[in-house]
Amino acid sequence: MTLDSIGDWVRTHYSGNVTPELDGVEITLFGWVQEVRDLGGIRFIIMQDREGTLQVTIPKKRVAPEVLSKSDTLQKRFSIGVKGTVKKTNMTSRGIEVIPKEIRVFNVAAEQLPIDITGKTPANIETRLDARALDLSLEQNAAAFKIQHTALSAIRDFLFEKGYLEVHTPRIIASATEGGAELFPVDYFGQKAFLAQSPQLYKEQLTMSLEKVFEVGPFFRAELSHTRRHLSEFVSVDVEQAFASAEDVMKLLEQVIQFTCKAIAEKCAKELAALKYRATIPEIPFKRFTYDEVLADLAKEGVTIPWGEDITTEAFRVLGKNRGYYYFITDWPTKSKAFYIKPKDGNPELCEGFDLMWRWIELVSGGTRIADKNLLMERMKEKGLNPDSFKYHLQAFDYGMPPHAGWAIGLERLTMVLTGKKNIREVALYPRDRSRLTP
RNA sequence: GCCCAGGUAGUAUAGUUCGGUCCAGUAUAUGCGGCUGUCGCCCGCAGGACCCGGGUCCGAAUCCCGGCCUGGGCGCCA
């Protein structure tokens, strides 16, 4: 069929801002055909754009012949423009419909779509991700990303307001940040390099100059994880601050989380409705439990963790049931945390690292960092790392490294919490995991 | 890396226990026809599938072996 050019048409409204008050007004809409319902003498075109849907009504005997013939050709997902008149009516749930004066078809679509875009026969996540571009045309699937956008916007607003500078550290690095095994190797002009798993060392160095920084960006973990909460490529929201302790950045974190939840509650009613999920605004301060307290409570529940060991997923699930929503776990054994986490003064078996949990999921981890070069090198060795491969990082500690602390939020995990999604792949546009590299 | 489960039309599923009643049922989608107020429109008709390879058997969607792919759990972590 012959396609139309957009010509001089300019969108006047999104579907979402057409209201009964516009009765009689001529408008121009752009979007896609979501559904055609033809009753014989009258035809309904459900047109969709980013903001929602709108009914275009074609009473066959009362529209121009060229409008009727053009509407004959329409199929699901055709990209179209409609110029028409808003009509107030009590026959649609929105209270409005549009009677077209001209329809333009910009592009066609396959007759048989790989997923059902009306949502009557929901597809599996695997099928949906294979057709992700189309999958995101479903309101409930796009909703999570609108919420993610709002969350990130709130986080940025909050941190800007508090004087944090947004920075960008390298994604291509020469050596491991925290260990060796979980990095993706890349060939860098013949040199061996890796994709960054975290901005940790760079953001610490930046506290020497910019003092309060944050970074939002993707990081890469070559772990063979196979769960609903892991990705090979994920977005981290990292904060690092000079002259601060774990407690200082925990206070910052709980404010960031609360502010973000408020923003979602205020701005995302439509998206939450599409997801059939309710926003909750947590009270602060969040509860704080020490590692020892958690172990003691777990023991009462019949789950024994030897002191010094990491808390297992099974144990976290038990914890999640009776701890409620957001809670901190503090005072971890030093040996269970990364080498750069500061041991407690006077009790080096414990450290100033913390995790922020949401039920059983680790949302954020952070802590006070080691600012002393010798101690840091000692901790590297204890972790089996070679200080020589951290030469440039360690050098920074010769020039006045301040006491500092920070944390990192897993953006997709936060989005899971905010949207109620149970699989992290739902909240990553094009997820990368152990077995998925496309699309 | 270890463990478990599963691959049936475009999509989602029934059937697999205990091989034959299944040249595979249903819904939705698609195509064609009909219908002037639908909004999961409705009605009729049509086409469309047993992951791949091997084996057992008179007979395999069903049982066995191998492969490929997927989902989930553990560990690791955001």
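If you're wondering where the values come from, they're calculated on a predicted model, not measured in any experiment. Letters A, B, ... mirror the listed sequences (proteins, then strands); counts begin at 1.
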Visitor: Would you please confirm or rule out a distance under 4.0 Å between OP1 or OP2 of B:rC74 and any side-chain N or O of A:Arg229?
Guide: yes
Visitor: By the 4.0 Å heavy-atom rule, please label A:Thr118 as base, sugar-phosphate, or nothing.
Guide: nothing
Visitor: Apply side-chain hydrogen bond (donor to acceptor under 3.5 Å, both in side chains) to A:His230 and A:Glu223, showing your working.
Guide: CA-CA 9 Å; A:His230 287 89; A:Glu223 302 283 358; over 6 Å; no
Visitor: Would one find a side-chain N or O of A:Arg317 under 4.0 angstrom from OP1 or OP2 of B:rC74?
Guide: yes
Visitor: Before giving the answer on side-chain hydrogen bond (donor to acceptor under 3.5 Å, both in side chains), spell out for A:Asp49 and A:Ser15 the whole-Å C-alpha distance, their side-chain angles and the decisive distance to 0.1 Å.
Guide: CA-CA 7 Å; A:Asp49 60 24; A:Ser15 65; 2.7 Å; yes
Visitor: Rounded off to whole Å, could you give me the CD1-to-C1' distance for the A:Ile311 and B:rG75 pair?
Guide: 15 Å
Visitor: Hey, does A:Pro59 reach any base, or is it just sugar-phosphate, or nothing, if we go heavy atoms under 4.0 Å?
Guide: nothing
Visitor: Does the ring centre of A:Phe390 sit less than 6.0 Å away from the ring centre of A:Phe339?
Guide: yes
Visitor: Reckon A:Arg425 touches a base, only the sugar-phosphate, or nothing at all at heavy-atom distances under 4.0 Å?
Guide: sugar-phosphate
Visitor: Could you tell me how far B:rG71 sits from B:rG33 if I compare only their C1' atoms? Round to whole Å.
Guide: 42 Å
Visitor: Among B:rC76, B:rG37, B:rU11, which nucleotide sits nearest the side chain of A:Thr127?
Guide: B:rU11
Visitor: By nearest atom, which of the nucleotides B:rU70, B:rA27, B:rG37 is closest to the A:Thr121 side chain?
Guide: B:rA27
Visitor: With a 4.0 Å cutoff (strictly under), does any side-chain N or O of A:Asn124 reach OP1 or OP2 of B:rG7?
Guide: no
Visitor: Looking at every non-hydrogen atom in both residues, tell me the closest pair between A:Asn141 and A:Leu136 and how far apart they are.
Guide: O-CD2, 4.0 Å
Visitor: Sticking with atom P, work out how far B:rA61 lies from B:rU8, rounded to a whole angstrom.
Guide: 15 Å
Visitor: Indicate whether OP1 or OP2 belonging to B:rG37 is found under 4.0 Å from a side-chain N or O atom of A:Lys87.
Guide: no
Visitor: When you get a sec, tell me which of B:rG75, B:rC41, B:rU30 is the closest nucleotide to the side chain of A:Arg37?
Guide: B:rC41
Visitor: With a cut-off of less than 4.0 Å, is there a side-chain N or O of A:Lys120 near OP1 or OP2 of B:rA27?
Guide: no
Visitor: Does A:Asn423 or A:Lys337 map to a spot on RNA chain B nearer the 5' end, using the closest nucleotide for each?
Guide: A:Asn423
Visitor: Checking side chain to side chain donor-acceptor pair (under 3.5 Å) against A:His404, which of A:Glu204, A:Arg369, A:Lys203, A:Lys342 comes through?
Guide: A:Glu204
Visitor: Quick check for you: among B:rC76, B:rU30, B:rG37, whose closest atom lies nearest to any side-chain atom of A:His230?
Guide: B:rC76
Visitor: Can a cation-pi geometry be assigned to A:Arg50 and A:Tyr14, taking NZ or CZ under 6.0 Å from the six-membered ring centre and within 45° of the ring axis?
Guide: yes
Visitor: May A:Phe219 be described as stacking on the base of B:rA78, applying a 5.5 Å centroid limit and a 30° limit on plane angle?
Guide: no
Visitor: For A:Val364, report the nucleic acid contact type (base, sugar-phosphate, nothing); a contact means any heavy atom under 4.0 Å.
Guide: sugar-phosphate
Visitor: Would you tell me if any nitrogen or oxygen in the side chain of A:Arg228 comes within less than 4.0 Å of OP1 or OP2 on B:rG73?
Guide: yes
Visitor: Under 4.0 Å between a side-chain N/O of A:Lys76 and OP1 or OP2 of B:rU30, yes or no?
Guide: yes
Visitor: Among B:rG1, B:rU36, B:rG31, which is the nearest nucleotide to the side chain of A:Gln75?
Guide: B:rG31
Visitor: Can you tell me which nucleotide in B:rU70, B:rG71, B:rA78 comes closest to the side chain of A:His226?
Guide: B:rG71
Visitor: Scan A:Glu362 against the nucleic acid and name what it touches under 4.0 Å (heavy atoms): base, sugar-phosphate only, or nothing.
Guide: base
Visitor: Can you tell me which nucleotide in B:rG75, B:rG73, B:rA12 comes closest to the side chain of A:Thr313?
Guide: B:rG75
Visitor: Using a cut-off of 4.0 Å on non-hydrogen atoms, how would the nucleic acid contact of A:Asp38 be classed: base, sugar-phosphate, or nothing?
Guide: base
Visitor: Of A:Glu35 and A:Gln112, whose closest RNA chain B nucleotide lies nearer the 5' terminus?
Guide: A:Gln112
